[in-house]
Amino acid sequence: MSTMLPPSSSGTSSSRTATQKTRETADALEADRPTGPRARADARSGAEARTAPWGTDPYANALRNGRGPLFLRRSDGWLLPLEVERWCSDAGAADLSALHRCEGPVLDIGCGPGRLVAELTALGHRALGIDVSEAAVARTRRIGGSALLRSVFDPLPGEGRWGTLLLVDGNIGIGGDPAALLDRAADLLSTGGLLIAETSPLDIDERVQVRLDDGRRAPAEKAGPADRPFPWARIGTPALLRYAGACGWRPADQWSAEGRSFVALRRPRPPAVRERSARTSSQNAESANSAPVISSQLER
């Protein structure tokens with residue numbers, strides 16, 4: 001299709017608000033999405049297979065109420081508290097440290113209740129959130145952002161044209177396979193695009209099966225989709241940089257703010273581009289060695 005992603009803007013025009021521009025972007029990008037019964041079925045099955053628990057009651061209820069408790073529970077009973085209250089608040093200083101580094105149109109993967117998409121919109125960026133929770137998408141739209149009900153592993157609008165991807169609030173753990181998620185991110189970004197990921201403040205590389213738990217029901221009462229285990233990962237900055245290096249990503253920045261850790265990575269060039277660049281460099285070197293140019297030749 002001929003629809004192109006519009007560039008990011010540092011402010012709004014007098015005739016259109018940032019929210020209007022962002023919604024227009026989402027509408028245009030939605031037009032790129034595969035259509036037809038088979039495409040819709042494939043998208044639904046992909047999202048359900050990977051992220052079904054996030055669309056169910058404990059998570060949806062927490063977002064609607066704006067508070068927890070909500071946890072990820074490992075099989076050994078260990079609990080990771082999820083910061084629902086922070087997610088449902090306005091963007092904080094640590095969030096802004098990441099948002100101010102965004103370039104071009106921004107895709108927030110696992111946008112949750114939408115504080116980052118809404119803040120980017122207010123800043124004049126063109127931004128879109130995706131989430132597998134209807135409650136998350138509804139809340140993002142309600143506070144002025146634009147969002148679609150999608151998994152990152154589903155076909156998405158604007159693939160290969162996003163300027164920045166966000167994987168914050170632990171979302172580097174989506175799917176339980178950081179290398180696969182990085183590969184998918186490379187498909188979504190434009191050449192030279194930026195991935196901003198939040199990492200664990202611990203030096204950790206953990207891939208586990210977890211369940212959503214609101215702490216309100218006895219184990220015997222748990223039998224719904226939310227109680228189905230799903231793969232998740234927790235990785236620190238050293239681990240992310242190892243995965244990124246193996247996939248060809250280039251580190252761009254790393255920083256901490258308010259006790260949270262972030263890494264910015266540049267999208268790797270496609271293999272064909274890297275090979276062509278290497279051949280060109282080799283040919284230039286051979287040409288320079290075989291026929292050196294001196295100043296007298298240039299003067300002629």
Side-chain angles (χ1 to χ4, degrees), residues 4-10 25 29 32 91 94-111 116-117 119-120 123-130 152-153 156-175 177-201 203-205 233-257 260-282 284:
M4 297 297 293
L5 284 171
S8 164
S9 170
S10 60
T25 300
L29 292 174
D32 282 350
D95 297 323
L96 293 173
S97 75
L99 301 188
H100 288 159
R101 288 171 164 85
C102 290
E103 304 168 358
V106 183
L107 179 66
D108 185 7
I109 298 169
C111 65
L116 302 184
V117 178
E119 183 66 25
L120 284 165
L123 291 171
H125 281 275
R126 298 182 183 267
L128 178 68
I130 58 170
V152 65
F153 297 106
L156 292 174
E159 294 199 12
R161 289 180 285 161
W162 293 99
T164 302
L165 301 184
L166 295 177
L167 281 168
V168 301
D169 297 333
N171 285 332
I172 190 64
I174 289 173
D177 187 343
L181 187 56
L182 287 172
D183 284 343
R184 178 60 177 140
D187 293 338
L188 296 172
L189 279 173
S190 60
T191 300
L194 193 67
L195 169 65
I196 297 177
E198 182 176 355
T199 58
S200 170
D203 185 359
I204 189 173
D205 185 356
R234 287 199 307 150
I235 60 174
T237 295
L240 177 56
L241 292 177
R242 287 195 299 271
Y243 286 117
C247 297
W249 291 81
R250 294 184 292 111
D253 199 1
Q254 54 184 289
W255 70 98
S256 296
R260 297 165 61 192
S261 300
F262 300 88
V263 174
L265 302 167
R266 287 286 174 194
R267 177 189 183 275
R269 289 179 294 174
V273 175
R274 290 197 295 270
E275 292 171 6
R276 185 164 61 249
S277 177
R279 286 197 300 270
T280 301
S281 298
S282 175
N284 289 343

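All of these numbers come straight from a predicted model, not from anything done at the bench.
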* Structure fact -> The side-chain contact (heavy atoms from CB on, under 4.5 Å) partner of Leu165 among Val106, Leu107, Leu194 is Leu107
* Pair Ile174-Val152, side-chain contact (heavy atoms from CB on, under 4.5 Å): steps then yes or no -> CA-CA 9 Å; Ile174 289 173; Val152 65; 4.2 Å; yes
* Quick one: pull up CG in Leu189 and CZ in Arg161 and give me the separation to the nearest 0.5 Å. => 13.0 Å
* Asked: Any sub-3.5 Å donor-acceptor pair from Ser190's side-chain atoms to Trp162's backbone N or O?
  -> yes
* To do: Identify the two heavy atoms, one from Val168 and one from Ile196, that lie closest to each other, and give their separation to 0.1 Å.
  => CG1-O, 4.4 Å
* Evaluate side-chain contact (heavy atoms from CB on, under 4.5 Å) for Leu241 paired with Gln254, printing each intermediate quantity in order. => CA-CA 10 Å; Leu241 292 177; Gln254 54 184 289; 3.7 Å; yes
* Taking every non-hydrogen atom, the tightest pair across Pro268 and Gly248 -> CB-O, 3.1 Å
* To do: May I ask you to test the Ser97-Phe262 pair for a side-chain heavy-atom distance under 4.5 Å?
  => yes
* Structure fact -> Residues passing the side chain to side chain donor-acceptor pair (under 3.5 Å) test with Arg242, sequence neighbours excluded, are none
* Report yes if some heavy atom in the side chain of Glu103 is under 4.5 Å from a heavy atom in the side chain of His125; otherwise report no. => no
* Asked: Is there a side-chain contact between Leu166 and Asn171, using heavy atoms and a 4.5 Å cut-off?
  -> no
* What are the two closest non-hydrogen atoms of Leu265 and Pro251, and how far apart are they? -> CD2-CA, 3.9 Å
* To do: Go through the steps for Leu181 and Phe153 under the test side-chain contact (heavy atoms from CB on, under 4.5 Å), then give the verdict.
  => CA-CA 8 Å; Leu181 187 56; Phe153 297 106; 4.1 Å; yes
* Can you find a heavy atom in the side chain of Glu198 that is under 4.5 Å from one in the side chain of Asp169? -> yes
* Structure fact -> In terms of heavy-atom contacts, Ala186 and Trp249 come closest through N-CZ2, 3.7 Å
* Asked: To the nearest 0.5 Å, how far apart are CG in Leu99 and CD in Glu119?
  -> 6.5 Å
* Tell me, do Cys247 and Asp183 make a side-chain contact under 4.5 Å, heavy atoms counted? -> yes
* NZ/NE/NH1/NH2 to OD/OE distance under 4.0 Å, Arg234 and Asp205 -> no
* Kindly indicate whether the side chain of Cys102, heavy atoms from C-beta on, has any atom under 4.5 Å from the side chain of Leu120. => yes
* Going by heavy atoms in the side chains, are Leu182 and Leu195 under 4.5 Å from each other? -> yes
* Do NZ/NE/NH1/NH2 and the carboxylate oxygens of Asp187 and Arg267 come within less than 4.0 Å? -> no
* Asked: So, Thr237 versus Thr199: side-chain donor-acceptor pair below 3.5 Å or not?
  -> yes
* **Cation-pi geometry met for Arg101 and Trp255 (6.0 Å, 45°)** => yes
* Walk me through it: do Arg184 and Leu156 pass the test side-chain contact (heavy atoms from CB on, under 4.5 Å)? => CA-CA 11 Å; Arg184 178 60 177 140; Leu156 292 174; 4.0 Å; yes
* Report yes if some heavy atom in the side chain of Leu128 is under 4.5 Å from a heavy atom in the side chain of Val117; otherwise report no. => no
* **N/O donor-acceptor pair under 3.5 Å between Arg266 side chain and Gly192 backbone** => yes
